[in-house]
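Computed from a prediction, not measured in an experiment: that's the story for all the values here. Each chain gets a letter, A, B and so on, in the order its sequence line appears, and its residues count up from 1.
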Amino acid sequence: MNTLDALGILAYLAVILVIGITTMRRIKKPSDFAVGGNRIIWPVMLATLAASFLGGGASLGRASESFSSGYSFMFAASAFPIQTLLVGYFVAPRLKRYYGAETLGDIMQQHYGRPARLITGGISVVYCVGLLGTQALALGTVVNSVFGMPTWIGVIVGMTLVLLYSTAGGMWTTVQTDVVQFIMLGIFLPVALIIGVHAMGGPWELVNQLPDTHLSVSGDYTPLAFLGVFLAFGLGEMLIPPYAQRAFATPDETNARKGYVGAGLFGFFFYFVSASIGLVALVRFPDVPADQALPTVVREVLPAGITGLVVAALLAVVMSSADSYLNSTSVVFAKDVYTAFINPAASERKVLVYERCTNVCVGVGATVFALSVPSIVDALMYSYSLWAPTVILPLFLAVMFGLRARRAATAAMLSGAAATALWTWGLAEPLGITGLMVGLVVNAATFALVYLTLDRGDRLQEVAP
Amino acid sequence: MIVYAIALYLVPALLALAASVIGAAGLRFYWREVRRED
């Protein structure tokens, strides 16, 4: 790491700050903070969505897994970009039919009543705070493994910057900084792979030195284990608040569809790039710990100048996800909890102030948890396995088929969450069957049973937000 | 094996190209919005 590299990193941080300052004056009302005034065209939507879901896991995590077990984990995890593509084509455009909607809670209330909104809002907040905590830790990991500095420096510096621009400019700033971060991660991580492969003597040399198991689709996974990972990635983050919020932020269905589908395609190829960097590390530095695979290639293989830009790209990967989770937490809390249940008569100005205060509190809280009590972040991440077995099926039935079923949805959400929690933490996932699988089955069965016995013909009509 | 060998150069090159084109469109949107505001 020399002066040129340091300049590259500083330039990136400066650009992010300038964009944050220049866009903050656009925020005049809560809808600007939440959905950027519904003006996000599809290339911007694609960039901001991809930058949001490509975080520490898609970069450092994917490289680490391929270092240990080859491309098989990448193939199992590819369920995520595949579902993004499908959701983008079939579901995301329909979200634009809910005029004025800013959160999934708006949709859930319209179809299933206020209890469904509260459950969706509650799970969304816990889920996003957990994800934010993991990204804060990932910032520390990047700084620690590349610069050798203590983890806390990366967490505090990175999160302070994210907190500053996301509090000031909300969705507008988050989206605009995401575009720059998308350019960084989309250009410089692929460049790192090309340089790494070239340094190995070309792709043939690399492929020939890898064990056969590292190139197979299923690797050492049993079919059930592969299915477990596939389902977790396919459903675990399906239409979570920050992604849905980006669809709401587009001006129409066409922009929502193009942006969402494009981001899914981009994500698929990005996974391949990250995983391949892990394999370069395996052949070149077989003795490093798996979680150091990507940082080691960045540190040891890349030439001066490029190293700084790739480190900036790694910071961009993590920061762009952190800002999205932070913004979503504030918006969901303000809309689905504060204005829906605590103070429905709040003025627009008051809601905006409330969103900004929540942003600061959540950002500071996640940073403190990440630094001092990482087990709290782990605990919050339990909500990862709760999202799909509670929200996804009722949401899908509402958006795709216009179903209205207050009791069925509430019962299905609660029973899905309870079954997942019991199977995962009470019984420790016996028979190799994951809690998510059990939760999904219970969620679907409860919905069907209650709908057919109690809710059929229910004509719940609540005022659209 | 041949698929991986080709993909190891082709995929990152195409990804970087796509990111450049989409990013440029995104930045153009940003400048237009900033100018509109001014």
**Student:** Is chain B contacted by the side chain of L215(A), its backbone, both, or neither, given a heavy-atom distance below 4.5 Å?
**Tutor:**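 Contact with chain B is through both the backbone and side chain of L215(A).
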
**Student:** Contact part of F272(A) toward chain B, heavy-atom cut-off under 4.5 Å: side chain, backbone, both or neither?
**Tutor:** side chain

**Student:** Which bit of L193(A) comes within less than 4.5 Å of chain B, counting heavy atoms only: side chain, backbone, both or neither?
**Tutor:**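 Just the side chain, heavy atoms under 4.5 Å.
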
**Student:** Please identify, among F270(A), W42(A), F269(A), F188(A), the residue contributing the most non-hydrogen atom pairs under 4.5 Å to chain B.
**Tutor:**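 It is F269(A).
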
**Student:** For Q245(A) and N327(A), work out which heavy atoms get closest and say how close.
**Tutor:**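 In this case the closest contact between Q245(A) and N327(A) is NE2-OD1, 2.8 Å.
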
**Student:** Given the options L17(B), L27(B), L15(B), which has more heavy-atom pairs under 4.5 Å with chain A than any of the others?
**Tutor:** L15(B)

**Student:** Hey, could you give me each pair passing salt bridge (Lys or Arg N to Asp or Glu O under 4.0 Å) that has a residue in residues 182-200 of chain A? Not counting sequence neighbours.
**Tutor:** none

**Student:** Given a strict heavy-atom distance threshold of 4.5 Å, which part of I2(B) is in contact with chain A: side chain, backbone, both, or neither?
**Tutor:**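 Both the backbone and the side chain of I2(B) come within 4.5 Å of chain A.
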
**Student:** Which atoms of V180(A) are under 4.5 Å from chain B, going by heavy atoms: the side chain, the backbone, both sets, or neither?
**Tutor:** side chain

**Student:** So what's closer than 4.5 Å to chain B heavy atoms on Y71(A): side chain, backbone, both or neither?
**Tutor:** side chain

**Student:** Could you walk me through whether Y165(A) and T174(A) pass the side chain to side chain donor-acceptor pair (under 3.5 Å) check?
**Tutor:** CA-CA 8 Å; Y165(A) 71 72; T174(A) 301; over 6 Å; no

**Student:** Taking the side chain as every heavy atom from C-beta outward, state whether V298(A) and T307(A) have any atom pair closer than 4.5 Å.
**Tutor:** yes

**Student:** Could you check whether atom CG of D252(A) has more than 12 heavy atoms from other residues, nucleotides or ligands sitting under 6.0 Å from it?
**Tutor:**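 Buried by this count: over 12 neighbours within 6.0 Å.
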
**Student:** Let me confirm one number: the CD1-NE2 distance from I195(A) to H198(A), rounded to the nearest 0.5 Å.
**Tutor:**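 Those atoms lie 9.5 Å apart.
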
**Student:** Between atom OH of Y12(A) and atom CG of L315(A), what is the distance when rounded to the nearest 0.5 Å?
**Tutor:** 6.5 Å

**Student:** Which atoms of V273(A) are under 4.5 Å from chain B, going by heavy atoms: the side chain, the backbone, both sets, or neither?
**Tutor:** side chain

**Student:** Of the backbone (N, CA, C, O) and the side chain (C-beta and beyond), which part of I19(A) lies under 4.5 Å from a heavy atom of chain B, both, or neither?
**Tutor:**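 Contact with chain B involves both backbone and side-chain atoms of I19(A).
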
